[in-house]
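Data first, discussion second: the structure below is written as structure tokens.
Nothing here was measured: the structure is a model prediction, and the numbers come from that model.
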Amino acid sequence: MYNKIYGGSIMFIGDLHFSDVFTGKHKNYLANCFSVLGQITNKINEKKPKAVFLGGDIIGWLETNIKDRQVLSMFCKVLREWNEVCPVYTVRGNHDMKGYPDFLFLSEFGLIITSSMCGGYVDYYGYEGQEQPEVRLHIVDYNDETRALDLAPEPT
């Protein structure tokens, strides 16, 4: 099930803004993106979290799609490697909204678990078989902040 995690640690990563195009003053943006992804991958492989949460804005700065399909393939391989360790959850950020963004492509290929795929929350349990979650993590997409949250029931 998408919305249950039992024990272990979780990792939060904000705004990757991965892109093969950057029009600002940043030099070697793509190389820097892959360097950061490599560092994150090393940390995931070292720590072995039970889940990774991405804080939206996965792709781009101004664009919502990776222009070079080879670069997209390499990015997908990174996400696949993360998924070999644990599931990768994400919210949809403002940079993931326009048109048919790569955000949807990545979710349709099972490389990320979106808010809608897990009902907008993930429950963390300290151990298998625990009846009440210790923490409920609400993952709310950009522009969906006013949606009512499904709160965990009070213990009886």
Heavy-atom closest contact (Gly56 atom, Thr90 atom, distance) | N-OG1, 3.8 Å

Where do Leu30 and Ser19 come nearest, in terms of heavy atoms and distance?
-> CD1-O, 3.4 Å

Between Gly8 and Lys50, the two heavy atoms sitting closest are CA-CG, 3.8 Å

Okay, side chain of Tyr124, backbone of Ser9: is any donor-acceptor separation there less than 3.5 Å?
-> no

More than 12 heavy atoms of other groups within 6.0 Å of Glu46 CD | yes

Could you go through the side-chain contact (heavy atoms from CB on, under 4.5 Å) check for Phe53 and Ile10 one step at a time?
-> CA-CA 8 Å; Phe53 288 85; Ile10 53 180; 4.2 Å; yes

Mind checking whether Pro101 and Ile59 have side chains closer than 4.5 Å, heavy atoms only?
-> no

For the side chain of Tyr2 and the backbone of Gly119, is there at least one donor-acceptor N/O pair under 3.5 Å apart?
-> no

Minimum heavy-atom distance between Val122 and Lys4, given as atom pair plus value = CG1-N, 4.4 Å

Aromatic ring centroids of Phe18 and Phe34 under 6.0 Å?
-> yes

Are the side chain of Asn65 and the backbone N or O of Asp102 linked by a donor-acceptor pair below 3.5 Å?
-> yes

Exceeds 12 heavy-atom contacts within 6.0 angstrom, atom NZ of Lys67 | yes

Ile58 side chain reached by Phe75 side chain, heavy atoms, under 4.5 Å | yes

Here the gap from Asp123 atom CG to His138 atom NE2, rounded to the nearest 0.5 Å, amounts to 8.0 Å

Considering all heavy atoms, the nearest Gly93-Tyr142 contact = C-CB, 3.6 Å

By side-chain hydrogen bond (donor to acceptor under 3.5 Å, both in side chains), Asn94 pairs with (sequence neighbours left out) none

Pairwise side-chain contact, Phe105 with Ile66, heavy-atom cut-off 4.5 Å (strictly under) = no

Examine distances only and state if a side-chain atom of Ser115 and a backbone atom of Val91 form a donor-acceptor pair shorter than 3.5 Å.
-> no

Would you say the side-chain atoms of Asp96 pair up with the backbone N or O of Asp57, donor to acceptor, closer than 3.5 Å?
-> yes

Checking His17 side chain against Gly60 main chain: does a donor-acceptor pair fall under 3.5 Å?
-> yes

Please tabulate, for side-chain N and O atoms in residues 35-45, each donor-acceptor pair with protein atoms closer than 3.5 Å (sequence neighbours left out).
from, atom 1, to, atom 2, distance (Å)
Ser35, OG, Gln39, NE2, 3.4
Thr41, OG1, Leu37, O, 2.8
Thr41, OG1, Trp82, NE1, 2.7
Asn42, ND2, Gly38, O, 3.3
Asn45, ND2, Thr41, O, 3.3
Asn45, ND2, Glu81, OE2, 3.2

Identified side-chain contact (heavy atoms from CB on, under 4.5 Å) counterpart of Leu54 within the set Ile113, Asp15, Val88 | Val88

Indicate yes or no: at least one non-hydrogen side-chain atom of Leu104 is less than 4.5 angstrom from one of Arg92.
-> yes

Can Tyr89 be reached from Tyr121 by stepping across I, L, V, M, F, W or Y side chains whose heavy atoms are under 4.5 Å apart?
-> no

Is there a path from Ile112 to Met74 through hydrophobic residues (I, L, V, M, F, W, Y) whose side chains come within less than 4.5 Å of each other?
-> yes

Does one hydrophobic cluster hold both Tyr127 and Val135, with members joined at side-chain heavy-atom distances below 4.5 Å?
-> no

Verify, without hydrogens or angle tests, whether Asp68 (side chain) and Val71 (backbone) share a donor-acceptor contact under 3.5 angstrom.
-> yes

Should we count CD of Glu131 as having more than 12 external heavy atoms under 6.0 Å?
-> no

Among the clusters formed by ILVMFWY side chains lying less than 4.5 Å apart, do Met97 and Phe103 turn up in the same one?
-> no

Nearest heavy-atom neighbours spanning Tyr6 and Gly129 | CE2-N, 4.0 Å

